[in-house]
Amino acid sequence: MKIINNCCKFTDSLIFKTLYEYNFIIDKDIDEYKFYTYKLLKEIYSTDRLELTIVPTQSCNFRCRYCYQEHDVSEISDIVLQDIVSFIRKNIKKYRSLYISWFGGEPLLQFNKIKLIMKEAKNICKENNVPIVGGITTNGYLLDEFVFAELLKHNIYDYQVTIDGLKETHNFQRPLKDGSETFDKIINNILKIKQSINRKFNFVIRINISNEILNNIDEYINFISKIISDDKRFSILWHRIQDYGGNEIKLNHNMIVEDVNIDKIVFDKGLENGIKTYSEVTQPKTFMCEACKKNSYIINYDGIIYKCTNAINKREKLADSSIGILKDGEMYINEKKEMMWILQENIESECGDCLMLPVCCHAICPNKLKLKKTKECKYNPNVANSMVKSIFKENKMDTLSHILEKCKQ
């Protein structure tokens, strides 16, 4: 307010320069909406990073009660494997980096093929001086410390594993396909990884919030905080259970949590207990759904290309959800289909005044917008303040020390 009321007096101050540098203070002739649109288009069509999500199998050793997938018995063939490697070799020079994400089914059922593709891709990137990073979404049952160490060797640094509540709730929501329990083994795997692996990595524990978990949320947060709160490599990702399709959720409809305010409640509870909460909003780059990016593709085990993992094998919508095929090391893309994922409708009147717009990039789920014709905001704006508090709490001492040191200089 001092700067606003007496601008000339403060224009040479460190505070003014810092606020100006980071666009808290802007020139009067800047159209922020146009600036946002410019940044958005840069992100959509950026060649900074080629993003490939590979689904090596739709098979799974779990039978989660809300899962939207059909779990076809399947595995990636050697032909598709070589087509992926060939595509990377032919195209890697177009990009500044490569990110390979592994998804399923349960991707670790194809552990050896994951290693093979990552090894080949890593060699290609090394030859072309292009950095490569990998990530994996796994149920964690097969992720012991030995498998984890092997994945790290192959540049897989990002992990997401789901733990749905305390033992009884998790075992009910996420059993093995024969009905056996999974909680103890997953927790044991995480503890051994934490204790035995000294390298840097990012490990996100996802919680799919059901009404049952909410009944014991304080006890669960206390439990999970004891496991991860002293290790900055681990964080929590909260997600309400929603209907993404499939037969399982029809049978377990009572697990769905409709109240969007739950996001803020659990976020704040986690923050109070010292849990680092993961959110795309707090990541260094502007968040945008991968389906909206031009250079982001999902390659199924059969070589069919998609833009969204939730759209894979939706048989009733198959003609609409796939956008192409990988063959002989080339992607044959139907541009008319791809365009429908990338280009959204004009949103200036609808979202232009929302404080989350520059962060969420109009993150209405393109899959729901396209296939279900429904709009649903990705983020609850009410959670924004909690996210800012989380960032401040984690970094405030470093930030204050930095400012004080600058002021002394």
Side-chain angles (χ1 to χ4, degrees), residues 3-4 16-53 91 94-99 101 260 263 278-298 305-311 320-321 323-324 331 333-388 391:
I3 290 172
I4 292 172
F16 180 90
K17 290 177 179 178
T18 304
L19 291 174
Y20 185 79
E21 179 184 358
Y22 290 99
N23 295 312
F24 289 96
I25 296 173
I26 61 170
D27 294 318
K28 287 183 178 180
D29 59 350
I30 296 293
D31 184 324
E32 285 189 282
Y33 186 79
K34 287 183 179 178
F35 183 64
Y36 155 76
T37 304
Y38 166 74
K39 300 280 282 186
L40 178 65
L41 291 174
K42 277 185 67 177
E43 183 73 8
I44 290 174
Y45 297 105
S46 173
T47 57
D48 283 351
R49 185 163 83 167
L50 172 63
E51 300 180 12
L52 299 178
T53 297
N91 292 277
K94 300 176 185 177
Y95 304 95
R96 295 180 182 178
S97 63
L98 172 62
Y99 189 89
S101 179
V260 297
D263 295 338
Y278 174 89
S279 173
E280 295 93 341
V281 170
T282 62
Q283 299 311 298
K285 291 193 70 175
T286 299
F287 168 73
M288 182 186 295
C289 174
E290 289 82 357
C292 300
K293 297 179 183 179
K294 176 67 179 72
N295 296 306
S296 177
Y297 298 100
I298 296 162
I305 300 171
Y306 298 85
K307 294 297 283 184
C308 172
T309 55
N310 189 243
D320 294 326
S321 58
I323 65 161
M331 282 189 180
I333 302 296
N334 184 321
E335 291 185 337
K336 292 179 180 178
K337 289 184 178 181
E338 185 180 35
M339 172 193 70
M340 294 174 66
W341 291 93
I342 294 174
L343 298 179
Q344 304 280 332
E345 75 278 13
N346 187 293
I347 49 93
E348 184 169 3
S349 60
E350 183 178 0
C351 302
D353 293 330
C354 178
L355 65 89
M356 296 290 285
L357 178 62
V359 181
C360 83
C361 299
H362 181 52
I364 291 174
C365 174
N367 183 46
K368 289 185 177 180
L369 188 64
K370 177 178 181 298
L371 298 181
K372 297 184 179 180
K373 310 301 181 186
T374 59
K375 295 181 180 181
E376 179 180 298
C377 290
K378 174 74 174 176
Y379 295 114
N380 178 357
N382 294 328
V383 183
N385 284 340
S386 296
M387 292 177 178
V388 173
I391 299 170

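- Under the 4.5 Å side-chain criterion, counting only non-hydrogen atoms from C-beta, I333 is in contact with Y297.
- The heavy-atom pair separating Y306 from S321 by the smallest distance is CD2-O, 3.5 Å.
- To the nearest 0.5 Å, atom CZ of residue R96 and atom CG of residue D48 are 5.0 Å apart.
- K293 and K307 get closest at one heavy-atom pair: O-NZ, 2.6 Å.
- To the nearest 0.5 angstrom, L52 atom CG is 9.5 Å from N295 atom CG.
- Closest approach of N23 and I26 over heavy atoms only: O-CG2, 3.7 Å.
- Annotation: the span from I25 atom CD1 to L19 atom CG amounts to 4.5 Å, rounded to 0.5 Å.
- Summarising the geometry, atom CG belonging to L41 is positioned 9.0 Å from atom OH belonging to Y36; distances are rounded to the nearest 0.5 Å.
- Note that NZ of K39 and NZ of K42 are 5.5 Å apart. Values are rounded to the nearest 0.5 Å.
- Among I323, N91, I305, the single residue meeting the side-chain contact (heavy atoms from CB on, under 4.5 Å) criterion with M331 is I305.
- Once rounded to the nearest 0.5 Å, the distance linking CZ of F16 with OG1 of T18 reads 10.5 Å.
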